[in-house]
Amino acid sequence: AAAETEQELTDGFHLVIDALKLNGIETIYGVPGIPITDLGRMAQAEGIRVVSFRHEQNAGNAAAIAGFLTKKPGICLTVSAPGFLNGLTALANATTNCFPMILISGSSEREIVDLQQGDYEEMDQLAIAKPLCKAAFRVLHAADIGIGVARAIRAAVSGRPGGVYLDLPAKLFSQVMDADAGAKSLVKVIDAAPEQIPSKAALDRALDVLKSAKKPLIILGKGAAYAQADEEIRSFIETTGIPFLPMSMAKGLLPDTHPQSAGAARSTVLKDSDVVLLIGARLNWLLSHGKGKTWGEAPKKFIQIDIEPKEMDSNVEIVAPLVGDIGSVVAALNAGVSSGWQAPPATWIDEIKARKEVNIGKMSQRLLKNSTPMDFHSALGALKQVIKERPDAILVNEGANTLDLARGVIDMYEPRKRLDVGTWGVMGIGMGYAIGAAVETGKPVLAVEGDSAFGFSGMEVETICRYELPVTIVIFNNNGIYRGTDIDPTGRDPGTTVFVKDSRYDKMMEAFGGVGYHVTTPDELKRAVDEAMDSGKPALINAVIDPAAGSESGNIGSLNPQSIVKKK
Ligand SMILES: Nc1ncnc2c1ncn2[C@@H]1O[C@H](COP(=O)(O)OP(=O)(O)O)[C@@H](O)[C@H]1O
Ligand SMILES: Cc1ncc(Cc2csc(CCOP(=O)(O)OP(=O)(O)O)c2C)c(N)n1
Ligand SMILES: [Mg+2]
């Protein structure tokens with residue numbers, strides 16, 4: 001009788017966990033601490049995988065790439081104020097890249113924050129998060145947790161995916177309520193990312209423009225990779241015979257070795273094409289905003305497929321906007337491409353083929369050079385072969401020369417296998433992306449890192465060892481940012497972009513039980529990577545690169561402002 005009268009209770013802790021599990025969330029990436037340490041422990045005890053990091057930025061990056069890879073929002077859990085701020089860079093980066101993730105941070109009590117009375121890690125986090133992400137919510141009452149989590153999930157994945165902030169004040173967790181009422185308050189999100197079908201008029205307009213093309217080009221962006229409409233996209237490209245140019249994280253949607261790939265003739269196709277179909281790619285700085293010498297003198301017509309209506313005309317006129325989700329739009333285009341579709345003129349295809357042969361020929365000469373110390377190309381020649389032999393491996397890549405040269409040298413063969421610095425060109429995504437990719441897919445990960453880039457997240461090698469993840473890190477060690485040759489003209493300090501000469505990053509991995517390798521030739525590099533990836537265990541390879549190799553800021557040095565004032 002006593003049991004019957006004793007009301008069954010639940011609390012904020014359990015409601016957050018139940019809401020996440022109800023919506024299929026299986027993993028939380030975070031750093032424990034007040035007020036969310038027990039939330040993490042309880043989530044783990046309830047079967048959610050909780051991956052604890054050494055810095056919240058890396059946990060957030062893991063959550064962001066989990067969103068990109070799974071189309072479910074990646075969850076990052078942090079403490080208040082400084083932990084929240086550390087997660088914000090990843091949340092803003094996810095929003096910039098259209099990756100769905102939710103940053104859940106504990107926070108101080110409203111009554112203290114609003115009176116600025118000085119709480120432990122006090123900050124008005126919701127106000128700070130709002131401008132940096134797609135949506136931001138705070139929950140004050142246990143009965144609202146179900147709706148709050150549902151709103152965050154839908155906001156992250158519906159329409160243009162992005163980052164969402166969910167603010168949970170400390171007192172919320174210990175709030176109790178009737179268990180039955182609590183269960184009823186939970187919401188399972190229905191159709192969070194609904195199909196958005198383009199109008200027939202829009203489809204007909206786009207097909208008419210495409211039919212009129214003499215030199216058509218399709219540009220695939222990371223939105224096309226994210227959409228997981230791989231077969232629809234392949235079918236459309238192969239049925240129309242139109243050459244395609246993949247942006248960095250869209251590489252592998254069709255193999256880079258595909259006959260219609262124009263990757264090795266990028267400058268030519270951007271300059272000479274007359275109709276360009278953008279699929280999940282923005283005409284931002286990565287595509288010179290659709291204007292200027294990159295795009296040649298001749299007038300161009302742009303067709304754009306994007307789920308975000310406001311993206312149209314963002315930089316140049318879009319003559320045939322196709323607003324909708326890529327899966328639905330490309331399926332509708334496939335239905336509209338009648339069997340009598342005219343392939344592009346042979347002159348266009350031949351022009352591209354000839355240019356590709358010249359460029360690939362030039363590149364292969366550079367890859368074969370067996371210089372000592374290695375330069376970027378001789379090292380990348382070995383890694384090109386590794387991915388060719390291991391097409392299902394996931395390649396994480398960041399740096400300047402290490403990034404820009406790897407993008408063109410290492411062919412990708414499968415979708416969503418190349419994860420890199422994205423729209424911002426941000427350094428520091430390396431270990432977070434490597435961990436997120438390994439946890440979400442179970443696939444082997446090869447992280448090809450500039451030595452500076454690695455430094456932003458390098459402490460997570462301990463996390464990689466702790467969870468025994470199949471991550472092989474290759475550091476292109478040229479003793480510095482871009483190069484290792486900078487000097488301080490006053491002679492007092494090292495140059496501003498150099499690191500310790502002959503540093504041994506491989507020793508770091510050994511400190512945590514992983515395997516470290518130190519290599520100085522392409523053959524040694526290939527053998528070490530093969531051994532490490534065959535082992536399925538954490539490994540770090542310190543690949544010595546000539547400090548004089550490479551160029552400042554890789555391929556984008558022209559973005560640097562120049563001083564014309566000569567110091568007296
Ligand atoms: N499922 C989807 N359907 C349609 N568009 C999408 C989808 N997912 C993302 N997008 C769009 O894809 C675009 C990605 O562009 P961007 O990040 O610039 O790619 P890239 O850098 O590879 O060129 C964004 O404008 C985004 O709105
Ligand atoms: C968060 C952030 N801070 C700084 C920078 C600016 C930068 C762009 S590339 C880079 C590192 C280049 O050196 P690395 O050794 O990695 O590569 P390599 O050329 O092969 O020697 C920096 C610091 C960016 N993009 N993001
Ligand atoms: Mg470097």
Side-chain angles (χ1 to χ4, degrees), residues 57 67-68 71 89 93 95-100 134 157-162 193-196 198 219-229 245-251 253 278-287 304-312 314 322-330 375-376 379-380 397-406 418 420-430 448-457 475-486 496-499 503 543 545-547 549-557 559-560:
Q57 175 172 297
F68 171 71
K71 300 180 81 172
T89 305
N93 184 53
T95 306
T96 302
N97 283 282
C98 313
F99 299 161
K134 181 178 172 187
V157 296
S158 63
R160 168 181 277 177
E195 284 185 349
Q196 296 186 15
I219 297 181
L220 300 171
K222 56 176 164 302
Y226 172 81
Q228 295 191 26
L245 178 67
M247 300 299 285
S248 200
M249 284 180 63
K251 280 166 62 80
L253 263 171
L278 297 158
I279 305 183
R282 286 171 286 198
L283 279 174
N284 55 21
W285 73 280
L286 289 163
L287 284 170
Q304 186 160 19
I305 303 176
D306 206 293
I307 202 157
E308 173 49 64
K310 297 201 305 293
E311 190 55 35
M312 308 302 163
S314 63
L322 279 167
V323 177
D325 69 279
I326 286 165
S328 302
V329 175
V330 179
D375 66 9
F376 290 100
L380 286 169
N397 186 210
E398 60 177 346
N401 296 285
T402 303
L403 170 87
D404 291 341
L405 297 172
R418 182 183 160 87
D420 67 26
V421 301
T423 302
W424 259 354
V426 64
M427 290 304 116
I429 50 94
V448 180
E449 299 277 308
D451 47 340
S452 163
F454 171 73
F456 287 79
S457 67
I475 294 180
F476 278 15
N477 186 350
N478 65 344
N479 290 347
I481 299 182
Y482 317 129
R483 280 192 300 254
T485 54
D486 215 14
T496 56
T497 61
V498 295
F499 300 136
S503 36
I545 301 289
D546 179 354
S551 57
E552 176 122 343
S553 298
N555 293 354
I556 58 172
L559 296 183
N560 269 315

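As a basis for the values below, the full set of heavy atoms in this structure was taken, side chains included, without hydrogen atoms, waters or symmetry mates. None of the values given here were measured: they were computed from a predicted structure. Indexing begins at 1, ligand by ligand and atom by atom, following the structure's order.
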Number the atoms of ligand 1 from 1 as they appear, then name those within less than 4.0 Å of a heavy atom of [X], with their elements.
| X | value |
| --- | --- |
| G280 | 12 (O), 13 (C), 14 (C), 15 (O), 19 (O) |
| L286 | 21 (O) |
| N284 | 18 (O) |
| R160 | 24 (C), 25 (O), 26 (C), 27 (O) |
| C98 | 24 (C), 26 (C) |
| G324 | 3 (N), 4 (C) |
| Y226 | 8 (N) |

Within-cut-off N or O pair, [X] and ligand 2, under 3.5 Å:
| X | value |
| --- | --- |
| F499 | no |
| A453 | yes |
| E398 | no |
| F456 | no |

Does the side chain of S248 pick up a donor-acceptor pair with the side chain of R418 at under 3.5 Å?
-> yes
Selection from [options] by shortest heavy-atom distance to [atom]:
| atom | options | value |
| --- | --- | --- |
| atom 9 (S) of ligand 2 | Q57, M427, E552 | M427 |
| atom 23 (O) of ligand 1 | E311, M247, Q196 | M247 |
| atom 9 (C) of ligand 1 | G223, A229, P246 | G223 |
| atom 6 (C) of ligand 1 | L220, I307, V330, D325 | I307 |

Shortest non-hydrogen pair, K134 vs G159, comes out as NZ-C, 4.4 Å
Of all the heavy-atom pairs spanning N478 and A549, show the shortest one and how long it is.
->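 Result for this residue pair: ND2-O, 4.2 Å.
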What protein N, O or S atoms come within a distance below 2.8 Å of the Mg ion (ligand 3), ordered by chain and number?
-> D451 OD1, N478 OD1, G480 O
Compare all side-chain heavy atoms of [X] with those of [Y] and state whether any distance is below 4.5 angstrom.
| X | Y | answer |
| --- | --- | --- |
| F68 | N97 | no |
| N560 | S553 | yes |
| M249 | D420 | yes |
| Y226 | P161 | yes |

Measure T423 to ligand 1 on non-hydrogen atoms and call it side chain, backbone, both or neither using the 4.0 Å cut-off.
-> side chain
In the protein, what heavy atom is nearest to [atom], and what distance, to one decimal place, separates them?
| atom | answer |
| --- | --- |
| atom 23 (C) of ligand 2 | S452 OG, 3.8 Å |
| atom 15 (O) of ligand 2 | D451 OD1, 2.6 Å |
| atom 21 (O) of ligand 1 | K222 NZ, 2.8 Å |
| atom 6 (C) of ligand 2 | Y482 OH, 4.2 Å |
| atom 25 (N) of ligand 2 | G425 O, 2.9 Å |

May I ask you to identify, for [X], whether its side chain, its backbone, both or neither come under 4.0 Å of ligand 2 on a heavy-atom basis?
| X | value |
| --- | --- |
| F376 | side chain |
| F454 | neither |
| N478 | side chain |

Does E308, backbone or side chain, put an N or O under 3.5 Å from an N or O of ligand 1?
-> no
F476 CZ to N397 CG distance, which is reported to the nearest 0.5 Å |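 Those atoms lie 8.5 Å apart.
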Pairing of R282 and E308 as salt bridge, 4.0 angstrom limit |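 Salt bridge between R282 and E308, a charged N being under 4.0 Å from a carboxylate O: no.
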Using the side-chain contact (heavy atoms from CB on, under 4.5 Å) rule, take I429 and S457 through it: C-alpha gap first, then chi angles, then the decisive distance, then the call.
-> CA-CA 7 Å; I429 50 94; S457 67; over 6 Å; no
